[in-house]
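When reading the values below, keep in mind they use all heavy atoms of this one structure, side chains included, and skip hydrogens, waters and symmetry mates. Here the structure is a predicted model, which is why all the values come from computation and not from measurement. Note on naming: letters A, B, ... go to the chains in the order of the sequence lines (proteins, then strands), and numbering restarts at 1 for each one.
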Number of protein chains: 2
Amino acid sequence: MSARPRPGSLLATKLVARGVRLTNQRRKILELIESEGGHLDAARIQELARERQISVDRATVYRTLALLKQHGLVEELDFLHVRGDQHFYESRGLGDHLHACCYRCGRVSELRTATLDRLKEELRDNLGFRTESVRVEVGGCCKECAEHEEQVSPVVI
Amino acid sequence: MSARPRPGSLLATKLVARGVRLTNQRRKILELIESEGGHLDAARIQELARERQISVDRATVYRTLALLKQHGLVEELDFLHVRGDQHFYESRGLGDHLHACCYRCGRVSELRTATLDRLKEELRDNLGFRTESVRVEVGGCCKECAEHEEQVSPVVI
DNA sequence: CTAACTGCAAAGGTTTTGCCGTCAG
DNA sequence: CTGACGGCAAAACCTTTGCAGTTAG
């Protein structure tokens, strides 16, 4: 009942530090996003929360995600719609990375590379643009699908 | 009435070459996307078509855009939602480039750089991923807004 | 205690679909 | 001619909003 508010996760700690009120629902959503490691959509977040014994309304999920976006704590992705029309979220602060979405099987791989920093430098030097978030999503054919594709006609998107 | 089908634009020519049937509506939509130079959403395409004396149903616009996507002729973007929740389309084949979306004013700038090719190489070398389309959208603060922002508190997304 | 938050239900906006008449090739 | 396409209207989806009760700090 009167337990002292315990952040419980990195995201939660950051929000508390910014004076944001921490409710049970928010704490749970934040934990999920961190422990699942990203690539969750709103429906999946709600589902996971329910599995873990706390019911959260869909609206609350969206409101919490908007809050996290505003504070720059999550990145919003859509994986070029290879997985559907909804948005996917992942915790930021793991460093920028890009997402490679396979048009064939829908799998999404990640790649961390310093080349993304170079893009930011180029934006600064050429456009005077100060980059705050980077979203790189490329589409194509993953290694596995390329191997199984021997004679198969190349599928278009 | 019986004028021989005349592609009329680069996109149209490519579609015809692939054996896709070319209707008046499609021809007009294709011309628009090329002549306006991109960053159009479905509603705007419909609007422009109507201004140019040809009425096209919204469903047809979406069906045509899907067709162009399937053939890899247009890129679908959302500009990190700084301009709304809809999708924007631009002709491909102008070479890859990235989009810098200003969270303050909503303007979108482009930058063409060979660094994007390097990303593709890294994807190939590190993941065995064959890249077919590249979508880079970064968010931040454009030059103009940075200048007008002297004392103003930095807005969050 | 009180502003901020949640759930609920309804609405909003974009995009998709089914059906039938029309048209390109 | 005939299969593919366009218009129309309805539906599907994801996401947002208004309101009243609840809660964190």
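Following chains of ILVMFWY side-chain contacts shorter than 4.5 Å, one cannot reach A:Leu94 starting from A:Leu11, and the two form parts of different hydrophobic clusters.
Distance, A:Gln70 CD to C:dA4 C1': 14 Å, rounded to whole Å. The distance between atom CG of A:Leu67 and atom C1' of C:dA4, rounded to the nearest whole Å, is 11 Å. Taking atom CD of residue B:Gln46 and atom P of nucleotide D:dG6, one finds them 13 Å apart after rounding to whole Å. Taking atom CZ of B:Arg21 as the reference point, atom P of C:dC23 lies 12 Å away to the nearest angstrom. Rounded to an integer number of Å, the gap from A:Arg27 CZ to D:dT23 P is 14 Å. The distance from atom CG of A:Leu15 to atom P of C:dC5 is 11 Å, rounded to the nearest whole Å. For the pair A:Ile54 CD1 and D:dT23 P, the interatomic distance rounds to 12 Å; values are reported in whole Å.
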Mind listing the side-chain donor-acceptor pairs of residues 58-68 of chain A below 3.5 Å, one per line with the distance, residues two or more places apart or on another chain?
| unit_1 | atom_1 | unit_2 | atom_2 | d |
| --- | --- | --- | --- | --- |
| A:Arg58 | NE | A:Gln46 | OE1 | 2.6 |
| A:Arg58 | NH2 | A:Gln46 | OE1 | 3.0 |
| A:Thr64 | OG1 | A:Thr60 | O | 2.8 |

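Remark: A:Lys120 pairs with A:Asp96, A:Asp117 by the salt bridge (charged side-chain N to carboxylate O under 4.0 Å, His left out) rule, at least two apart or across chains. Here A:Glu47 pairs with A:Arg44 under the salt bridge (charged side-chain N to carboxylate O under 4.0 Å, His left out) rule; sequence neighbours left out. Residues satisfying the side chain to side chain contact (heavy atoms under 4.5 Å, CB included) criterion with A:Glu110, sequence neighbours excluded, are A:His39, A:Glu90, A:His97, A:His99, A:Arg112.
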*Indicate for each nucleotide in nucleotides 6-19 of chain C, in 5' to 3' sequence, whether protein heavy atoms under 4.0 Å reach the base (B), only the sugar-phosphate (S), or nothing (-).*
BBB-----SBBBB-
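Counting Ile, Leu, Val, Met, Phe, Trp and Tyr side chains that sit under 4.5 Å apart, directly or through other members, B:Val138 shares a hydrophobic cluster with A:Leu98, A:Leu111, A:Leu116, A:Leu119, A:Leu123, A:Leu127, A:Phe129, A:Val134, A:Val136, A:Val138, B:Leu98, B:Leu111, B:Leu116, B:Leu119, B:Leu123, B:Leu127, B:Phe129, B:Val134, B:Val136.
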